[in-house]
2 protein chains.
Amino acid sequence: MSRTDAHDAHDRLAQVLRPVRAGNGFEEALEQVLQVMRLGLVPTGGRLPAERDLAHRLGISRVTLREVLKVLQEQGLVEARRGRYGGTFVLPRAEAAGGDALRRRVADVDIEDLLRFREVLEVGAAELCAAHRLSGERAGRLREALARTHDAPLADYRRRDTLLHLTLAELSGSPTLTAQYAGARARVNDLLDCIPLLVRNLEHSQRQHTALVEAVLDGDAEAARAAMREHCAGTAALLRGFLA
Amino acid sequence: MSRTDAHDAHDRLAQVLRPVRAGNGFEEALEQVLQVMRLGLVPTGGRLPAERDLAHRLGISRVTLREVLKVLQEQGLVEARRGRYGGTFVLPRAEAAGGDALRRRVADVDIEDLLRFREVLEVGAAELCAAHRLSGERAGRLREALARTHDAPLADYRRRDTLLHLTLAELSGSPTLTAQYAGARARVNDLLDCIPLLVRNLEHSQRQHTALVEAVLDGDAEAARAAMREHCAGTAALLRGFLA
DNA sequence: AAGCAAAGGTCTTCCGCCATACCTTATGGC
DNA sequence: GCCATAAGGTATGGCGGAAGACCTTTGCTT
């Protein structure tokens, strides 16, 4: 083994060998539940899965999950209701709520890393979808998701936007890609929560969405990729501008 | 919340809420160490990081790591040497060794998912690298990695090929992308280990590598993307052909 | 030849998390 | 109006894994 080889290998080990569990099980579970809320998969007022179910899905014990939910309750993010048809419900975000936690999370995000990774996933998903030529039912889901962003009240725009992109990721046909995108998008949403929502950007975004969906449905991979790249570049520029 | 909305959310929760720890810490650590070996980051005869160091990097205790290493020793994959300048060394693969484990791992891989995800990452990395216009030192690393695949003995080709692609991923400037690619590539290598290595494919692969690197160094994003997509499609077709 | 340093090998203590069972509350159906 | 049911709330015992100190081996350095 040459010297260069050894050097390369050493550097790479550092990149590949990552902690097998980021923090303890509790923290990871907390991140996941927060992710579900940040992605808007459970909207304000909606109910999270029952504790037993959720714990099972996350692969943790109910005791640990309840630790997580306790924290979320204390932060005023969710509310537990007892009795049949009870559950854990997502509360409307009380502005300041979680502000500290948010700022802390955002502080140690590598923004360039995130934006690049996100772009790669999104552009790739768009291209795959276009190349597949989405079948009727799937094309319908995409159109539906797009339409929902159009008649969205301002307060729900981010959520429906997220859902549109998530739909595209799903339709790419790679569950791994979907999961990775979900994680990346949750982090992007954290960043977006730190900057103002400008109506002008929103309109621009709408046009790009429309062009993107059309390209995908036309099976025009080139155009789909270009549209998505432009769309991502827009968000990226916005975030870099406000946060850099 | 409309019915459709609820339905979507339910389906998506299943995709996003994944077990917080796939198996126990031991199994995850085993996967990671195997990954390092499968990627060829530590070549045959090479030494893994010291136990204390490795355990620290993986975020597990030394006791647990030693469980992992014990298994690898029993499988004849590594050898422990005591004393100063001792360590855990990777043994030459004794053909049958790990064959069972390999077949088991391969059996429950979603091949389409993996190949799609891999293509997205690779194509994205190539495009990012081309768009960045690699600086001198970084361009040098890429050229170096390419040259190493050219004068590779057949037995070491897979490893150097992996290292070339890994270099490209690194140069994309997104650590997350690098890490994800490493994981995906380790799984791809598992699949490749199940099929014969054809010299004809290898030559073809070489030409594609050369074209790819040239495009990247030229800063021609279009060409880089096209070259990489073709390259991935080649491997994918090969794997689908042999394993489908 | 002595000894120091760096590695693997061993042991003990303690905490976190899991599994399980059971209690309490609220609602809709009979 | 009762009560079955589905949800959250509580308590207990057991085990896996983390932390850290220590022992043993070996080879280079002086």
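Lettering follows sequence order; numbering is per chain, from 1.
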**Request:** List the steps and the verdict of salt bridge (charged side-chain N to carboxylate O under 4.0 Å, His left out) for B:Asp53 and B:Arg62.
**Result:** CA-CA 9 Å; B:Asp53 180 20; B:Arg62 216 182 131 210; over 6 Å; no

**Item:** Atom-to-atom span, CD of A:Glu51 to P of C:dC18 - whole angstrom
**Value:** 14 Å

**Prompt:** Is the cationic atom of A:Arg81 (NZ for Lys, CZ for Arg) positioned less than 6.0 Å from the six-membered ring centroid of A:Phe89 and within 45 degrees of its normal?
**Reply:** yes

**Message:** If you take any heavy atom closer than 4.0 Å to DNA chain D, which residues from residues 62-72 of chain B end up in contact?
**Reply:** B:Val63, B:Thr64

**Asked** Can A:Arg138 and A:Glu144 be counted as an ion pair, charged N to O under 4.0 angstrom?
**Response** no

**Message:** Side chain of A:Ser61 only, heavy atoms from C-beta on: which candidate in C:dG8, D:dG17, C:dC17 is closest?
**Reply:** C:dC17

**Message:** With nearest nucleotide decided by heavy atoms, which residue, B:Arg52 or A:Thr88, maps closer to the 5′ end of DNA chain D?
**Reply:** A:Thr88

**Asked** Are any of the side-chain nitrogens in B:Asp156 or B:Arg159 under 4.0 Å away from the carboxylate oxygens of its partner?
**Response** yes

**Asked** To the nearest angstrom, how far is B:Arg47 atom CZ from D:dT26 atom C1'?
**Response** 14 Å

**Prompt:** Tell me, do B:Ser174 and A:Glu112 make a side-chain contact under 4.5 Å, heavy atoms counted?
**Reply:** no

**Asked** In whole Å, what is the span from the CG atom of A:Asp53 to the P atom of D:dA7?
**Response** 9 Å

**Request:** Report which part of the nucleic acid B:Arg81 touches: base, sugar-phosphate, or nothing (heavy-atom distance under 4.0 Å, all strands).
**Result:** sugar-phosphate

**Asked** Between atom CG in B:Leu54 and atom P in D:dA18, what is the gap in whole Å?
**Response** 13 Å

**Request:** Take atom CG of B:Leu58 and atom P of D:dG17, then tell me their distance rounded to the nearest Å.
**Result:** 14 Å

**Check ion pair A:Asp193-A:Arg158 (N to O, under 4.0 angstrom)** = yes

**Message:** Between B:Leu41 and B:Leu163, is the side chain to side chain contact (heavy atoms under 4.5 Å, CB included) condition met? List the steps.
**Reply:** CA-CA 8 Å; B:Leu41 291 181; B:Leu163 256 36; 3.9 Å; yes

**Request:** Report, as a single string ordered 5' to 3', how protein heavy atoms within less than 4.0 Å touch nucleotides 25-30 of chain C: B base, S sugar-phosphate only, - not at all.
**Result:** BBB---

**Message:** Can you measure B:Gln73 atom CD to C:dA7 atom P for me and round it to whole angstrom units?
**Reply:** 17 Å

**Request:** Indicate yes or no: does A:Arg116 engage A:Asp110 in a salt bridge with an N to O separation below 4.0 Å.
**Result:** no

**Fill in**
The side chain to side chain donor-acceptor pair (under 3.5 Å) partner of B:His165 among B:Glu170, B:Arg160, B:His209 is B:His209

